[in-house]
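Inspection log for the structure reproduced underneath, given as structure tokens.
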Protein chains: 2
Amino acid sequence: MHMTQATRRDRAATDRDIRRQARALLVTDGPAAVTLRAIARELGITAPALYRYYSSREDLIEHLRADVCADLAAELGTDLVEVDEADHLGQVLAICRGFRRWALAHPQEFGLVFASPSSTGAHCPVGTGDNPQDSFGRIFLTVAGRVLANGLPVTVPDDTVPDVLVTDLTRFRDELLVTIAESGTDLAADQLGIGIAHAMLQFWVRLYGQVALEVFGQFPFPVSDAEPLFETMLADLVRDVGLG
Amino acid sequence: MHMTQATRRDRAATDRDIRRQARALLVTDGPAAVTLRAIARELGITAPALYRYYSSREDLIEHLRADVCADLAAELGTDLVEVDEADHLGQVLAICRGFRRWALAHPQEFGLVFASPSSTGAHCPVGTGDNPQDSFGRIFLTVAGRVLANGLPVTVPDDTVPDVLVTDLTRFRDELLVTIAESGTDLAADQLGIGIAHAMLQFWVRLYGQVALEVFGQFPFPVSDAEPLFETMLADLVRDVGLG
DNA sequence: GAGGTTCGGTTAACACCGTTCACTCGCTCG
DNA sequence: CGAGCGAGTGAACGGTGTTAACCGAACCTC
């Protein structure tokens with residue numbers, strides 16, 4: 001019985017080793033280098049043994065994506081605790097800057113998770129727990145929930161969003177409420193209007209665009225130092241969304 | 001002599017065939033399927049023969065990127081001629097919608113050109129002609145030049161952009177002027193201020209972010225119809241930049 | 001304790017990949 | 001005509017994902 005637990009623990013340990021090695025190969029040599037044989041070689045076993053843990057290379061990559069998301073969420077979480085609980089604007093800025101810093105420090109992982117056409121993020125529902133990037137989305141939305149909960153100075157009239165978006169944005173709002181409730185923060189439903197959901201969407205679009213452009217080097221001109229560019233964008237964004 | 005021309009023409013023809021087949025494999029089965037052996041197989045030759053045309057697979061992919069950019073530029077160009085010459089706002093909207101339409105219709109190519117960490121877009125100077133994505137950037141900036149040239153209603157005070165950005169933005173402005181001049185449009189240098197360059201940058205960030213998020217399915221909630229989402233973003237963008 | 005089962009691991013093999021090398025063979029040119 | 005050139009070939013090397021058969025030790029049951 002306890003021997004069974006020991007072997008089970010062993011299995012989980014080698015599983016962790018597999019993913020750790022895969023991760024190391026990803027960060028050092030890019031996604032193309034994360035190969036089953038290389039992982040096995042580094043672990044002192046043979047490639048087919050990995051099929052006892054993952055049904056295919058793509059399956060392993062999928063789990064790797066989830067690991068990457070979890071790490072990003074953890075890093076953002078540590079960034080967050082260093083900010084004063086009441087400083088909502090500071091929390092938002094910490095998340096945005098942390099996201100950029102992480103993306104620049106881990107461009108391969110960023111490309112894998114946030115710029116992969118094969119990602120299933122669009123199709124499967126958020127919040128059910130089986131979404132690879134859910135752990136990231138949760139912390140992102142949780143912070144938003146905290147900011148929203150404490151009577152923030154964000155005032156967005158709901159009637160400025162077009163009618164065609166209300167159904168989707170309402171669903172988004174509902175998911176937000178669930179996520180925020182799960183994170184422990186209490187938030188009255190009427191404090192999170194459709195307009196705020198719309199603003200959060202715009203926030204994500206501009207943050208993602210700026211970070212992805214910087215990571216992929218797709219700015220339309222050579223940038224000597226991208227950090228001021230990001231900071232001014234962030235300042236504009238915070239102002240435009242009404243967090244000034 | 002004329003026989004030499006004939007063989008030269010032959011070589012160019014098979015070169016086109018190679019890239020056409022590579023392109024076909026890319027659009028149907030993704031970037032991983034564009035393999036030298038598959039291309040050769042489809043062309044009825046053997047893989048090593050391709051080395052008479054490209055020094056490596058990566059070299060071929062690079063040229064493929066350029067082809068994709070040229071195609072995108074051509075498609076945007078045809079979109080553009082259908083818009084009234086004097087309708088500057090309509091031209092801008094046509095480019096943005098055309099970019100989105102192309103990205104959604106060619107997600108693999110989009111990922112290859114605009115979301116590849118190995119892209120050299122950041123390091124090599126724009127406008128020298130050897131940049132793979134220059135053909136796209138040129139048409140994008142040319143349209144901007146046309147809009148700017150005809151005394152557009154865009155009014156952005158230059159003193160709103162932070163000091164840390166002026167050197168980079170000035171270089172961007174100068175490149176813009178060169179590109180616009182090359183495209184035939186005449187534009188007084190003082191009509192293109194730093195503030196407008198900054199606005200164009202923000203334009204690109206938000207357009208790219210929206211399109212990339214849609215292509216990669218990375219919106220934070222399931223979207224039933226992304227087109228209204230894009231259109232409202234575009235409307236906001238045009239308004240924020242002062243083109244309303 | 002003996003026997004069957006489970007399961008992590010191995011070896012061998014298949015099909016495919018990029019790439020190199022030596023080699024044809026037809027065309028061009030002097 | 002002969003030399004040269006250059007596109008294309010075939011074989012080969014090392015690498016890949018994946019499958020199949022097998023092995024051996026740990027486990028459960030009797």
Side-chain angles (χ1 to χ4, degrees), chain A residues 1-65 108 112 116-118, chain B residues 1-65 108 112 116-118:
Chain A
M1 186 68 168
H2 50 83
M3 239 1 183
T4 301
Q5 280 182 358
T7 58
R8 287 261 169 86
R9 199 173 304 154
D10 233 27
R11 176 180 171 82
T14 56
D15 185 22
R16 274 194 300 273
D17 287 348
I18 290 172
R19 291 199 264 193
R20 178 145 28 101
Q21 280 298 337
R23 191 70 173 280
L25 289 168
L26 175 64
V27 301
T28 58
D29 300 327
V34 49
T35 167
L36 296 186
R37 286 187 145 103
I39 298 170
R41 200 180 309 133
E42 218 75 24
L43 259 60
I45 61 177
T46 59
L50 298 177
Y51 282 82
R52 301 288 173 188
Y53 298 86
Y54 301 96
S55 65
S56 70
R57 180 191 127 103
E58 196 50 41
D59 186 29
L60 196 160
I61 299 280
E62 199 91 1
H63 284 80
L64 200 59
R65 269 193 264 261
Q108 309 286 5
L112 193 68
S116 159
S118 64
Chain B
M1 188 67 169
H2 48 84
M3 244 357 186
T4 301
Q5 282 183 357
T7 58
R8 287 259 169 85
R9 199 173 304 152
D10 235 22
R11 178 181 170 83
T14 56
D15 185 22
R16 274 194 300 273
D17 287 349
I18 290 172
R19 293 200 261 194
R20 178 146 28 101
Q21 279 299 337
R23 191 70 173 281
L25 288 168
L26 175 65
V27 301
T28 58
D29 299 327
V34 48
T35 164
L36 296 186
R37 286 188 144 102
I39 298 169
R41 201 181 307 132
E42 219 75 24
L43 259 61
I45 60 178
T46 59
L50 299 177
Y51 282 82
R52 300 285 173 186
Y53 299 86
Y54 301 97
S55 65
S56 70
R57 180 191 126 103
E58 195 50 41
D59 185 28
L60 196 160
I61 298 280
E62 198 92 1
H63 283 81
L64 200 60
R65 267 194 264 262
Q108 309 285 4
L112 193 67
S116 159
S118 64

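As the structure is a prediction and not an experimental result, all values here were calculated from the model.
- With hydrogens and angles ignored, no donor-acceptor pair closer than 3.5 Å exists between the side chain of A/Arg57 and the base of D/dG17.
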field: Verdict with supporting geometry, B/Asp15 and B/Tyr54, side chain to side chain donor-acceptor pair (under 3.5 Å)
entry: CA-CA 9 Å; B/Asp15 185 22; B/Tyr54 301 97; 2.5 Å; yes
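- Using a 4.0 Å cut-off, some side-chain N or O of B/Tyr53 falls inside it from OP1 or OP2 of D/dG8.
- Remark: P of D/dA7 and CG of B/Asp10 are 11 Å apart, rounded to the nearest angstrom.
- Contact check, A/Tyr51 against D/dT19: no side-chain N or O comes under 4.0 Å of OP1 or OP2.
- Inter-residue side-chain proximity for A/Glu62 and A/Arg65 is flagged as met; some heavy-atom pair is nearer than 4.5 Å.
- Atom CG in B/Leu60 sits roughly 14 Å away from atom P in C/dC17 (whole-Å rounding).
- In the set D/dG17, D/dA7, D/dG10, the nucleotide with an atom closest to the side chain of B/Pro48 is D/dG10.
- Within the 4.0 Å cut-off from OP1 or OP2 of D/dG8, not a single side-chain nitrogen or oxygen of B/Thr46 is found.
- Regarding B/Leu50, its CG atom lies at a distance of 15 Å from the C1' atom of D/dG10, rounded to whole Å.
- In this structure, the CZ atom of A/Arg52 is 13 Å from the C1' atom of D/dG24, given to the nearest Å.
- Residues from residues 25-45 of chain A lying near DNA chain C, meaning a heavy-atom separation below 4.0 Å, are A/Arg37, A/Gly44, A/Ile45 in numerical order.
- C/dT19 atom C1' lies 15 Å from atom CD1 of B/Ile61, rounded to whole Å.
- One atom, OH of A/Tyr54, and another, C1' of D/dG17, lie 17 Å apart when rounded to the nearest Å.
- Put simply, the side chain of A/Thr14 does not reach to within 4.5 Å of the side chain of A/Leu43, judged on heavy atoms.
- Applying the 4.0 Å criterion to OP1 and OP2 of C/dG8, one finds that A/Arg11 has a side-chain N or O inside that range.
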